[in-house]
Amino acid sequence: MSSERIYLSPPAMSAADLSALTEAFQSNWIAPVGPALDAFEAEICRRTGARHAVGLSSGTAALHLALLEVGVKPGDTVFCSTLSFAASANAICYCGAKPVFIDSERESWNMDPAVLEQALRAAAERGKLPAAVEVVQAYGQCADMEAIEALCAQYGVPLVEDAAEALGASYRGRSAGTFGAAGVFSFNGNKLITTSGGGMLVTEDSELARRVRYLSTQAREPGREYVHHEVGYNYRLSNLLAAVGHSQLLQLDEKIARRREIFAGYVEALSDLPGVSFMPEAAHGMCTRWLTSLLVDKDKSGVDRDAVLDALEADNIEARPLWRPLHTQPCFADCEVFSTGVADALFAQGVSLPSSGNLTEAQQARVVAAIRGVFR
Ligand SMILES: *Cc1c(COP(=O)(O)O)cnc(C)c1O
């Protein structure tokens, strides 16, 4: 392999990000808390319209605290989208609860409200409702939130939004993350904006925000004696990383525009191939196109997902299948699932392509050529 490796979604960092980091460093606000963290939280509120934001060490930590604060306890169940990264369900397990997986709809690839309804009805009949519903906004797109919110309200079950992949996405004009009791963003290395590692919890509930701040700093009471009434966590976001996040966040619109442009480029260059289709943008909202994902229908094309992945790898290009549905993960084999086969079918056919804001035209052309080569 002679050509330079093309990665799936490497960070896109700017000179402004570096200055922000240097400035925070020189100010000696190194430890968690500091002016950059305050500014990052304020900017997340401004961007999303959320009332409160709490910077945390990861999206997973944010999910963990969100679930604890809506009352998830050992022995509970939590309904969770099955088409997601393991972190969505891991956070449920940290609470001592068990995930129950809910299948996707074709329109958004996210939680199917009809399946959620069926699962809630079955749970009510059994007399054991879930302690929460955790809806995942996968690949930069919102689920059908009005339908899901209405069902949660009808059954009196709190809603938590895993919007780790969906910062900047919207549903009927409302920002991802602002539905339900709490929403969560991730700033991991391959997300739309990154702090290298970090997360944020947003909520309308001032008491929930206060509790999350408290739990994330070891549940330490104010005062000189370090009194603790509860066991807390070391989950606060570092001020240095918040400086990077704040700077990145100021470029969010350009980053989304670039990802959408990359998506449009792939659509233009590949749509004529037999059996190839792209992740739909549901009529209810705006998808950030965090990753460009396509489906390859073997019956129509004679080409399967793995042939595409193999061809890309052979040209030193990183691509991935979609998320393996969580109900098929060995570590969740004993968890219940409400399946219609949609997530399984998406996984069998889906490929995510290099989508970084840094992707050059020449690199994108290489990805396109490698894929077209499989269909020749
Ligand atoms: C990235 C991701 C997470 C976890 O976020 P971290 O910041 O890596 O802990 C959770 N859920 C989904 C859907 C993700 O993609």
Side-chain angles (χ1 to χ4, degrees), residues 8-11 32 40 44 53-68 78-95 99 101-102 104 108-111 132-143 145 148 159-169 176-177 179-180 182-202 212 216 233-238 241-242 244-245 248-249 259 279 287-293 320-327 329 331-332 343 346-347 350 352 355-356:
L8 186 78
S9 184
F40 189 25
I44 283 278
V54 186
L56 297 164
S57 54
S58 70
T60 312
L63 275 176
H64 183 194
L65 295 184
L67 292 167
L68 287 176
V78 173
F79 288 2
C80 178
S81 310
T82 195
L83 190 71
S84 189
F85 179 50
S88 304
N90 288 346
I92 296 167
C93 299
Y94 301 165
C95 303
F101 296 111
I102 308 292
S104 297
S108 67
W109 293 9
N110 285 318
M111 185 182 280
V133 170
E134 183 191 321
V135 60
V136 178
Q137 318 289 33
Y139 299 108
Q141 169 150 275
C142 288
M145 293 312 295
I148 290 168
L159 179 62
V160 168
E161 204 186 333
D162 179 352
E165 300 172 7
L167 179 66
F179 296 82
V184 162
F185 300 115
S186 164
F187 314 120
N188 201 349
N190 66 8
K191 300 284 159 65
L192 194 56
I193 76 166
T194 184
T195 59
S196 81
M200 189 82 73
L201 179 145
V202 295
V212 165
S216 71
Y233 301 87
N234 185 6
Y235 277 176
R236 201 74 163 109
L237 181 62
S238 131
L241 302 184
V244 176
Q248 290 249 304
L249 184 57
R259 297 259 175 170
M279 182 173 98
C287 176
T288 64
R289 300 297 182 186
W290 168 56
L291 295 181
T292 289
S293 300
R320 285 195 208 147
L322 298 186
W323 296 127
R324 168 181 276 278
L326 293 172
H327 71 267
Q329 293 287 3
C331 64
F332 301 124
L346 293 172
F347 175 63
S352 294
S355 306
S356 169

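Since this is a predicted model, take the numbers as computed values, not measurements. In listed order, ligands and their atoms are each counted from 1.
In this structure, Arg324 has no salt bridge (charged side-chain N to carboxylate O under 4.0 Å, His left out) partners at least two apart in sequence or on a different chain. Annotation: ring pair (Phe, Tyr, Trp, His ring centres under 6.0 Å) contacts of His327 (sequence neighbours excluded): none.
Applying the side chain to side chain donor-acceptor pair (under 3.5 Å) definition to pairs two or more places apart or across chains, those involving residues 188-199 are Ser186-Lys191.
For Ser9 and Arg320, the side-chain atoms include no donor-acceptor pair closer than 3.5 Å.
Within 4.0 Å of ligand 1, protein heavy atoms come from Ser58, Gly59, Thr60, Ser84, Phe85, Ala87, Ser88, Val136, Asp162, Ala164, Glu165, Ser186, Asn188, Lys191, Gly198.
In this structure, the side chain of Glu165 does not engage the main chain of Gly140 through any donor-acceptor pair within 3.5 Å.
Between Phe187 and Phe40, the ring planes are tilted. Angles from 30° to 60° get that label.
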